Amino acid sequence: MSAGETLFSRLLNRQPGTSPPLESPVAQSVGLQLYLDGDGQVLHLSGPLRHLLAQRMASTQPAHLLDYLLPHSSLAVEGQPADWQGQLLDLDFFSLAGPPLHLRGWVQAQGDGWLLQMLDIGDLLGERRQARSREQAQMLATQIRDQLRLCSLARLPDALGEQLQRLSQQLHIPCLAVALLDEQGLGWQIHQHYTALNAPRLWREQQRLGTGLDSLNGAAPQRLLSSEQPRLSALFGPHAGFAVPYRDAQGVAAWLLCADYNAQQQAPDLSDHDWLLLAAAVAAPLLERLREHRHHQQLERLETLQALLGTGWWEVFSDSNEVQLAPTLAQSLALTTTRLPIQDWFNQVHPADRDELRSRLQALQDEGVPLELCVRWQADAQSLPLWYRLQGRSLGIGAQRRLVGFMLDISDIKNQQQQAAAAHARLDNLIASSPAVIYVQRYVAGALQPTFFSASLSALLGWSLADCDDGRLVEHVHPDDRPHYFERTRQLLREGAVSARYRVLDHQGNVHWLLDEAKLLRDDLGLPVEAVGLWLDVTDATLAAEQVKASEERYRILVEDSPAMICRYRPDLTLTFGNRPLAMYLECAPEQLPGVNLGSWMSDEQREAFLQRLAQLTPEVPVSTAEINLCLPGREHAWWVWSDRGVFDEHGTLIEVQAVGRDNTEVRRSQQQLTQSAKMATLGEMATGLAHEINQPLNVMRMAIVNVLKRLSNGDVQIDYLTDKLNRIDAQVQRAARVVDHMRVFGRRSEVEQQPFNPLEAIEGTLSLLSEGLRGKGVELRIKEAGFQVQVRGYVDQLEQVLINLMVNARDALLGKREANRDFQPWIALHAECDEHVVRLWVEDNGGGIDPRLLERIFEPFFTTKPVGVGTGLGLSVSYGIIDNMGGRLSVRNGDEGARFCIELPIALTD
Ligand code: ADP
């Protein structure tokens with residue numbers, strides 16, 4: 001055995017022979033030679049390795065072999081060098097370089113001492129260690145992989161935690177994590193991590209790491225320092241980091257991250273390959289299991305979805321003419337099997353859809369035309385068909401072609417669609433037949449563009465949508481109303497709704513008034529989307545309203561400009577309106593009239609009579625006319641002919657009165673004057689009679705005085721006689737005075753206001769003036785007075801004037817007749833009667849009556865049959881007016897022997 005062989009065999013750890021080759025020379029130039037004494041003290045060192053040796057305690061002199069050895073090696077050389085003979089010694093020496101020197105050698109006697117011959121076996125040991133740790137790493141990898149592969153899906157997170165912990169503990173990695181791509185595949189995130197007890201907490205689960213890891217070369221493990229990779233500083237913080245990629249077919253799919261860890265120092269024996277292996281042991285099964293998990297979930301979801309939707313896949317096998325259905329689908333189609341002849345499948349399709357399905361399937365098979373069809377499914381003739389949507393694709397090409405698709409139960413949707421379509425049709429019909437035009441205008445950058453009109457548009461205006469888009473709608477708006485139309489759009493956009501009325505011109509140019517009601521619809525953000533509105537043709541109504549307005553205006557002008565007084569007032573006589581003429585009479589402005597009480601211009605009696613008259617108005621007889629008398633400011637009395645028309649509510653209650661009046665004061669005055677002059681004329685006519693009337697007492701008095709004087713001259717005067725005569729004279733004086741008095745009274749002007757009086761007073765007055773004169777003319781007076789006590793309203797002197805007129809006319813007729821016939825016995829009858837409401841005074845004579853042809857005319861003014869200068873023709877016409885004014889009636893007819901006049905007067909109601 002050569003020295004070289006020995007050296008190599010020792011190096012290869014082959015057992016040396018039982019006795020070391022003590023004599024064999026050892027090259028002095030290799031290894032280390034230590035010359036020891038019997039106690040193991042080092043006497044001398046030689047060989048190249050001696051420069052590397054370090055002493056534990058440099059001060060000891062001479063140093064003992066143990067001073068050069070690491071503590072565990074010192075055990076291998078216990079005792080004396082003589083004890084070590086024949087043994088192969090593996091000793092670890094302190095080294096100046098840091099790591100110990102691993103030396104192998106033997107001891108042999110040399111002189112009186114011992115030579116310890118050592119060779120360096122450091123790299124041999126290293127290799128062995130490396131091989132062992134690799135072996136361990138591989139084992140670890142296999143275990144990890146197995147654990148992760150075999151655990152249940154539910155336990156996967158726990159199992160991964162355990163394996164990370166195992167890895168961490170075995171390789172002394174304080175922080176360990178697996179980073180996977182996030183769901184979008186865009187960045188990395190911590191999938192799971194393990195942190196040893198005292199290690200810094202760097203990560204949390206699902207923490208996002210961004211794309212920093214992509215900047216690493218994924219081919220090999222990377223040692224990272226945050227200073228070198230600022231982008232990764234978030235990953236490892238201030239600590240050292242070590243990242244190991246796992247690559248699959250798509251590239252790097254995972255990283256094993258080790259933080260606070262220096263792989264070279266702490267696992268110097270692990271190669272890149274080992275690390276990649278370990279990373280793969282964690283990541284590959286993990287990714288596989290996750291994929292499996294996702295797939296499982298997807299399947300579950302798909303199953304659930306199919307069940308929920310009543311849907312399922314199908315696949316047609318054209319070679320065997322069969323179809324395979326998803327179990328859920330087969331179930332919902334009430335099929336007992338999931339695979340069936342395609343013909344059986346077709347047979348369940350409604351006959352109306354069957355051929356189409358068959359042909360579309362054929363097209364799918366032959367040309368790959370995607371199938372998309374809605375068919376009715378009818379399991380049996382009794383049940384209602386269900387609607388299914390059938391979609392199919394062909395996968396692959398040529399002989400590999402597969403026809404797959406799904407069937408979805410869309411009966412609900414179809415039914416809803418059918419209902420919606422019916423409702424839609426009804427609505428369309430409604431919109432189309434509506435007299436209104438319904439429109440939609442879309443909001444485009446501040447403007448509204450018509451996008452829809454109901455069919456009624458063409459019926460109403462003869463336009464189509466095309467006539468109105470691109471801003472042409474406004475051209476149809478009447479030029480005068482365009483500003484109004486623009487304002488309508490602005491208001492709609494501003495306030496969200498608008499109601500406007502404007503004119504448009506139809507296709508023939510005819511003007512239509514449209515009522516436009518529109519509403520703005522906004523989106524979720526409140527931005528306008530479209531306006532929905534309707535046009536209603538209100539031409540007729542608008543024109544009618546315009547006509548009403550025009551006629552109202554005409555009536556207003558009529559009322560305003562009318563010379564007549566026109567007003568409205570409430571039943572309590574408060575004015576609500578009065579025109580200018582009325583205001584002028586009341587000396588105020590028309591605006592001041594509302595609120596003024598009409599009764600304030602009347603005397604209490606007038607007002608009372610006025611209200612009584614109003615109370616008689618009814619919805620059936622709503623009009624009443626009367627002459628009313630008022631005390632106006634600055635005027636003595638005014639007479640108005642006043643017509644009232646009552647306005648009633650639905651209960652028949654008077655709510656307002658509309659009145660028209662005209663001033664009758666002048667007429668009244670002239671009437672009064674006429675009456676007065678007629679009266680004076682009557683007085684004149686009566687002058688003869690009156691002279692007679694006064695002569696009569698004068699004659700009586702003269703006779704009495706003559707008789708008394710005769711007696712006085714005879715001296716034959718008795719007191720009684722004298723007294724008697726003087727009394728008679730006194731009575732005659734009184735009688736004459738009464739006549740004169742009455743004449744004076746009669747000659748006076750009538751009172752302004754009517755007064756209640758007993759009509760018998762007038763008869764009495766008349767007779768006091770006329771009776772003597774008539775008797776003197778030989779006319780018999782037939783007076784029949786009733787003793788009633790009633791009152792009529794008016795003027796007693798005027799009624800007397802009427803009676804005088806009638807009697808004077810009768811006298812004239814009688815005297816005229818007697819001139820012709822001397823034997824004629826004239827008489828005038830005067831009598832009164834009354835019933836509940838009316839007093840009647842009759843004046844009748846036997847003068848032969850009035851020519852019937854003239855009967856109608858005798859009340860006309862200036863109608864007379866008497867010679868010029870004798871008759872005025874006013875007597876009867878004035879009398880008629882007087883009686884009429886008192887609310888009565890004067891009438892005439894021919895009686896048996898002559899004219900028969902009748903005065904009818906209403907009885908005044910006394911309180
Ligand atoms: P006058 O007496 O001035 O003619 P009146 O109006 O009083 O005017 O009468 C009109 C006419 O009516 C008389 O002219 C006379 O012809 C006729 N008349 C009036 N009363 C009688 C009467 N009682 N009998 C016949 N004729 C009469």
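Read the numbers this way: they start at 1 and go in the same order the structure lists the ligands and their atoms. Quick caveat, the model's predicted, so the values are computed rather than measured. If you read the sequence from its start, that first residue is 1, and numbering goes on from there.
- Comparing Asn846, Asp845, Val878 by heavy-atom distance to atom 23 (N) of ligand 1, the nearest is Asp845.
- Within the structure, no pair that satisfies the ring pair (Phe, Tyr, Trp, His ring centres under 6.0 Å) test touches residues 707-733, not counting sequence neighbours.
- If you number the atoms of ligand 1 from 1 as listed, the ones under 4.0 Å from a heavy atom of Ala813 come out as 24 (N), 25 (C).
- Looking at heavy atoms from C-beta onward, Ser562 lies out of side-chain contact with Tyr555 at the 4.5 angstrom threshold.
- Between Ile850 and ligand 1, no N or O atom pair is found at a separation short of 3.5 Å.
- With distances taken over non-hydrogen atoms, the option nearest atom 11 (C) of ligand 1 out of Phe859, Phe863, Phe862 is Phe863.
- Where the criterion is an N or O separation shorter than 3.5 Å, residue side chain and backbone included, Ser877 fails it with respect to ligand 1.
- Within the structure, every pair that satisfies the side chain to side chain donor-acceptor pair (under 3.5 Å) test and touches residues 824-843, not counting sequence neighbours, is listed here: Arg840-Glu904.
- The minimum heavy-atom distance linking Pro483 with Pro479 is given by the pair CD-O, 3.9 Å.
- Between Leu876 and ligand 1, an N or O atom pair is found at a separation short of 3.5 Å.
- A salt bridge does not link Arg554 to Glu552: none of the charged side-chain nitrogens sits closer than 4.0 Å to a carboxylate oxygen.
- Within ligand 1, the atoms closer than 4.0 Å to a non-hydrogen atom of Ala899 are 22 (C), 23 (N), 24 (N), numbered from 1 in the order shown.
- By the criterion of a heavy-atom distance under 4.0 Å, neither the backbone nor the side chain of Leu806 is placed next to ligand 1.
- For atom 25 (C) of ligand 1, the nearest non-hydrogen atom from the set Gly898, Gly849, Ser879, Gly847 comes from Gly849.
- Taking the ring centre of Phe610 as origin, the terminal cationic atom of Arg607 falls outside the region bounded by 6.0 Å and 45° from the ring axis.
- Residue-ligand proximity, Lys866 to ligand 1, at heavy-atom distances under 4.0 Å covers atoms 1 (P), 2 (O), 4 (O), 14 (O).
- A donor-acceptor pair under 3.5 Å links the side-chain atoms of His478 to the main chain of Asp480, judged by distance alone.
- Using modelled atom types, one side-chain atom of Asp649 and one backbone atom of Gly652 make a donor-acceptor pair closer than 3.5 Å.
- Counting atoms of ligand 1 from 1 in the listed order, those under 4.0 Å from a heavy atom of Ala810 are 23 (N).
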